[in-house]
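Remarks on the structure that follows.
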2 protein chains.
Amino acid sequence: MYSLAEENYLKTIYHLEQESKTGVSTNAIAERMETKPSSVTDMVQKLADKKMISYKKYKGSTLTVHGKKMAANVIRKHRLWEVFLVDKLKFHWDEVHEIAEQLEHIQSEELIVRLDKYLGNPDFDPHGDPIPDKDGKVKSTEKKLLSELNKKQRGVCIGVKETGSEFLQYLDKRNITIGTKINVLGKEFFDGSMIIQVGKDQFFISKKIAENLYVQTN
Amino acid sequence: MYSLAEENYLKTIYHLEQESKTGVSTNAIAERMETKPSSVTDMVQKLADKKMISYKKYKGSTLTVHGKKMAANVIRKHRLWEVFLVDKLKFHWDEVHEIAEQLEHIQSEELIVRLDKYLGNPDFDPHGDPIPDKDGKVKSTEKKLLSELNKKQRGVCIGVKETGSEFLQYLDKRNITIGTKINVLGKEFFDGSMIIQVGKDQFFISKKIAENLYVQTN
DNA sequence: CTACATTTTTAGTTTAAACTAAAATTAATT
DNA sequence: AATTAATTTTAGTTTAAACTAAAAATGTAG
């Protein structure tokens with residue numbers, strides 16, 4: 001059994017590893033968790049003793065296979081609960097994070113098995129993030145142009161093809177940047193235009209826009 | 001905001017107060033919570049400072065109006081979650097206590113408002129215990145003979161009319177004692193016999209039995 | 001009413017997880 | 001390469017909530 005604090009550290013390290021694809025620094029963890037670096041050092045040493053991460057002094061931390069599975073499981077629970085809150089209790093998708101942050105720590109294998117089934121074994125949470133499976137595996141992602149997506153598909157912006165300033169300014173105005181999640185709500189086959197959701201906003205984009213944005217899909 | 005430990009103490013004191021209708025002793029709390037009396041003393045002093053209970057050294061504790069409301073709210077959450085686990089996730093009613101014990105500490109007013117609505121504003125949990133309302137009020141109970149109940153009603157055994165040893169031995173065999181919860185699953189109007197649920201068991205009882213058992217109802 | 005038993009409290013430790021301040025290491029700049 | 005800056009760790013405190021052992025208060029039996 002792991003403590004709430006330990007689970008939160010593992011989760012944070014998992015997210016930071018995904019973002020940077022490298023070992024994560026003590027300071028990065030401290031900043032993300034709004035705590036002090038010295039506290040982080042204490043905890044990573046403890047997690048290293050428990051073989052959840054591998055850690056070398058001054059060299060940062062990386063999750064072990066075991067730690068990664070553990071972290072993915074907490075994230076799985078978080079995202080399943082978010083689906084519950086939105087689909088069943090009719091919360092808005094931007095109101096559920098705080099509550100899921102608590103629910104993710106409830107300990108019961110059986111509960112999650114049943115919750116998953118009750119929700120129809122969803123693959124994504126209400127923010128479009130993928131839900132890891134029981135073994136902690138997340139469906140691998142693939143790079144595409146936004147224009148290749150169809151209705152109801154989702155992607156995360158990972159780059160642009162066209163780099164002219166008008167285009168970049170357009171993206172800026174629409175709050176689209178690296179890491180932005182995009183849901184395709186509708187697609188017109190006649191001209192390739194789309195209706196997409198970005199954060200709380202929904203708007204129309206032309207084929208030309210969609211052909212110049214790279215997204216990562218699942 | 002109150003800590004998990006504080007909420008658990010308040011809940012325990014609430015239950016003990018209900019059972020004995022008097023102030024609760026430090027030892028009683030310690031026993032129920034499987035902790036040491038000295039730990040209880042520490043905590044009741046803290047709760048008294050916070051005006052959640054009134055406490056005089058060596059004289060035991062009683063909840064203040066504020067503390068009682070707080071405790072009832074934790075119990076409300078516990079019981080609503082139990083309904084969720086049984087009605088929606090199809091757990092058996094004797095499997096849900098441990099999980100609800102964790103869920104009852106999730107902090108979100110709105111969550112409980114919505115959960116309550118989603119479950120159809122239930123009045124009882126799957127064990128037949130009443131669910132306090134938002135203001136911590138529990139529907140007042142009334143003393144009746146078991147034979148006065150109808151199908152789907154519930155009662156808690158509070159005494160007997162007939163006191164012969166055959167009758168008491170019968171009750172003993174059926175595991176019915178003071179405090180035992182009884183659900184009436186079916187009633188035959190022709191002869192007044194009933195099918196009742198007691199703990200995990202379901203069985204048939206005659207009108208004569210039902211006319212000699214007092215129960216408290218809601 | 002005294003003597004013993006039980007209950008309760010106090011005083012002092014322990015543990016997990018945070019903190020501060022200072023020391024050590026690594027990185028960056030001139 | 002030497003010095004400064006930034007990062008990270010160590011050492012020592014703090015807090016909440018538990019614990020043990022001993023002291024104090026209360027309850028009970030002769």
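Order of the sequence lines sets the chain letters (A, B, ...), proteins ahead of strands, with each chain counted from 1. Computed from heavy atoms alone, side chains included, the values below leave out hydrogens, waters and symmetry copies.
- Residue B/Glu98 qualifies as open at atom CD: its count of foreign heavy atoms under 6.0 Å is 12 or below.
- Closest to the B/Tyr9 side chain, of the nucleotides C/dA18, C/dT9, D/dA18, is D/dA18.
- Nearest nucleotide to the A/Lys59 side chain, out of C/dC19, C/dT26, D/dT8: C/dT26.
- In this structure, the separation between CD1 on B/Ile53 and NE2 on B/His66 is 13.0 Å, given to the nearest 0.5 Å.
- Distances shorter than 4.0 Å separate some side-chain N or O of B/Lys57 from OP1 or OP2 on C/dT10.
- B/Thr26 comes within 4.0 angstrom of sugar-phosphate atoms only, judged by non-hydrogen atoms across all strands, and of no base.
- Relative to the side chain of B/Thr41, the nucleotides D/dA18, C/dT25, C/dT10 differ in distance, and C/dT10 lies closest.
- Counting only distance, with no hydrogens or angles, the side chain of A/Lys161 and the backbone of A/Asn212 share no donor-acceptor pair below 3.5 Å.
- In the set C/dT9, D/dT20, D/dA18, D/dA18 carries the atom at the smallest distance from any side-chain atom of B/Ala5.
- Relative to the ring axis of B/Phe84, A/Lys88 does not place its NZ or CZ within 45° and under 6.0 Å from the centre.
- Nearest nucleotide to the side chain of B/Tyr58, out of D/dA18, D/dT9, D/dA24: D/dA24.
- In this structure, A/Ser38 does not reach the D/dT8 phosphate: none of its side-chain N or O atoms is under 4.0 Å from OP1 or OP2.
- Note on B/Asn27: a side-chain N or O is less than 4.0 Å away from OP1 or OP2 of C/dT8.
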